[in-house]
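Notes to accompany the following structure.
Only this structure's heavy atoms are used, side chains among them; waters, hydrogens and symmetry mates stay out. Below, chains carry the letters A, B, ... as their sequence lines are ordered, and counting in each starts from 1.
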Number of protein chains: 2
Amino acid sequence: MDATRWLDEREDRAWRGYRRMRRLLDLELARELTQDAGLSEADYDVLSDLSETPQGRLRLRELADRMLWSRSRLSHHLTRMQQRGLVTREECADDARGSIVVLTPAGRQAIESAAPGHVAAVRRHLIDLLTPAEIDALGALTHRVVDHLGGRAPHPRHDLEI
Amino acid sequence: MDATRWLDEREDRAWRGYRRMRRLLDLELARELTQDAGLSEADYDVLSDLSETPQGRLRLRELADRMLWSRSRLSHHLTRMQQRGLVTREECADDARGSIVVLTPAGRQAIESAAPGHVAAVRRHLIDLLTPAEIDALGALTHRVVDHLGGRAPHPRHDLEI
DNA sequence: CTAGATTCGATGACATGTCAACGAAACCTC
DNA sequence: GAGGTTTCGTTGACATGTCATCGAATCTAG
């Protein structure tokens, strides 16, 4: 009915820039991570989230939620990481359905040796290119969008409308 | 040797926000696109880039470069889109190796009917949440990062070092 | 308690992306 | 213009992600 509000020049510039940056940054960070540490970004994120907990252990469900991954995806991925000795699974004491993902010593070693290089890459290709004001703006704006999208939305809602 | 410069609080907030926004925005835009138009984001991007050319036709190589996709990936994807009748391939007159990707009427129909809803979603979940200053800042900052990463870098370089 | 609904994680089938290799064509450069 | 190199697009093998389904365990009403 009413005409589409297309993006004006500035909006288009921001939107295209965002998507292009997203892609290039991903390629570069993934490339360096693989080359320097033998980890994929997915591996890194799993290990990173695990290592941020006091015990290096998390319920699978909890980890999936934090990462905004499906449990299926995480389960598959953990199987592969387990085969490489980076994590193990343990039974959950208080919920017999559950399983607990545990960082192995090798996994901790992997993330600890990968982290400095990865942070350096993030700085080199993003953070250090921005002014303090831009960093704050990026923080503010991204968090606003995250809140809007319901940052906690655990799982793909099946809002069966109509 | 020298200590890692970890991200300070503001930098960390920006970086985490960026990654979380990235993920949530992707999920939501992909979800709406699939539901409303039966297209994946990959489909949409291919059709969009094609439809931006005067004739709706592009050399495969050229399209792959614009999208920052590998030719292999694009070739596989085109095979699937071709089966759905969204694009076709034609021989290239001046280069017998090449192939030209051509938007079919159905493909043009698909992108034209999908675009308004997609743009609306981009507005709803991102653009319209930002102030004009933030939009400009995002445009500036992303383009700086893209330039830094060598926006033109056509293909994964095989810099064989040492 | 207990029947039904929900959550948890695993799994298999399948869609998609990556990687290495290939044949054909085009491009040097001598 | 012939030999070696590079580019182009395709292909097959494989890695990864998604989706539907499952069995088991837990939760919730009554």
_All side-chain contact (heavy atoms from CB on, under 4.5 Å) counterparts of A/Ala137, not counting sequence neighbours_ = none
What are the atom names and distances for every N/O pair under 3.5 Å that joins the protein to nucleotides 12-16 of chain C?
unit_1 : atom_1 : unit_2  : atom_2 : d
C/dG12 : O6     : A/His76 : NE2    : 2.8

For residues 111-120 of chain A, which side-chain donor-acceptor pairs fall under 3.5 Å, sequence neighbours excluded?
unit_1   : atom_1 : unit_2   : atom_2 : d
A/Ser113 : OG     : A/Gln109 : O      : 3.3
A/Ser113 : OG     : A/Ala110 : O      : 3.4

*Does B/Asp128 have any side-chain contact (heavy atoms from CB on, under 4.5 Å) partners at least two apart in sequence or in another chain, and if so, which?*
A/Arg5, B/Arg123
*Whole angstrom value for the distance that separates C1' of D/dC19 from CZ of B/Arg31*: 16 Å
*For A/Leu74 and C/dA10, give me the distance from atom CG to atom P, rounded to whole Å.*
8 Å
*Within this structure, what is the CH2-to-P distance between B/Trp69 and D/dG9, rounded to whole angstrom?*
15 Å
*Could I get the full list of ring pair (Phe, Tyr, Trp, His ring centres under 6.0 Å) partners for A/His76, not counting sequence neighbours?*
none
*Kindly write out the residues that satisfy side-chain contact (heavy atoms from CB on, under 4.5 Å) with B/Thr34, not counting sequence neighbours, or none if the list is empty.*
none
_DNA chain D contacts made by residues 86-101 of chain B, counting heavy atoms under 4.0 Å_ = B/Arg89, B/Arg97, B/Gly98, B/Ser99
*Transitive ILVMFWY cluster of A/Ile100 at side-chain heavy atoms under 4.5 Å: who else is in it?*
A/Val102
*Rounded to the Å, how far apart are A/Glu41 CD and C/dT18 C1'?*
14 Å
*In degrees rounded to 10°, what angle is found between the helical axes fit to the five outermost pairs at each end of the helix from C/dC1-D/dG30 to C/dC30-D/dG1?*
40°
*Could you check how far CD of A/Gln82 sits from C1' of C/dG9, rounded to whole Å?*
13 Å
*Take B/Tyr18 and A/Leu25 through the side-chain contact (heavy atoms from CB on, under 4.5 Å) test and state the conclusion after the steps.*
CA-CA 12 Å; B/Tyr18 164 71; A/Leu25 203 48; 4.0 Å; yes
_Partner set under side-chain contact (heavy atoms from CB on, under 4.5 Å) for A/Arg16, not counting sequence neighbours_ = A/Asp12, A/Arg19, B/Glu52
*Return the value, rounded to whole Å, for the distance between atom CZ of B/Arg71 and atom P of C/dT18.*
15 Å
*List in chain and number order the residues that pass salt bridge (charged side-chain N to carboxylate O under 4.0 Å, His left out) with B/Arg97, two or more places apart in sequence or in another chain; answer none if no residue qualifies.*
B/Asp95
*Which whole-number value in Å describes the distance from A/Gln35 CD to C/dT18 P?*
17 Å
*When the distance from CG of B/Leu63 to C1' of D/dT7 is rounded to whole Å, what number comes out?*
17 Å
_Crowding at CZ, A/Arg10 (>12 non-hydrogen neighbours, <6.0 Å)_ = no
*asked:* Starting from B/Leu27 and following side-chain heavy-atom contacts under 4.5 Å between hydrophobic residues (I, L, V, M, F, W, Y), which residues can be reached?
replied: none
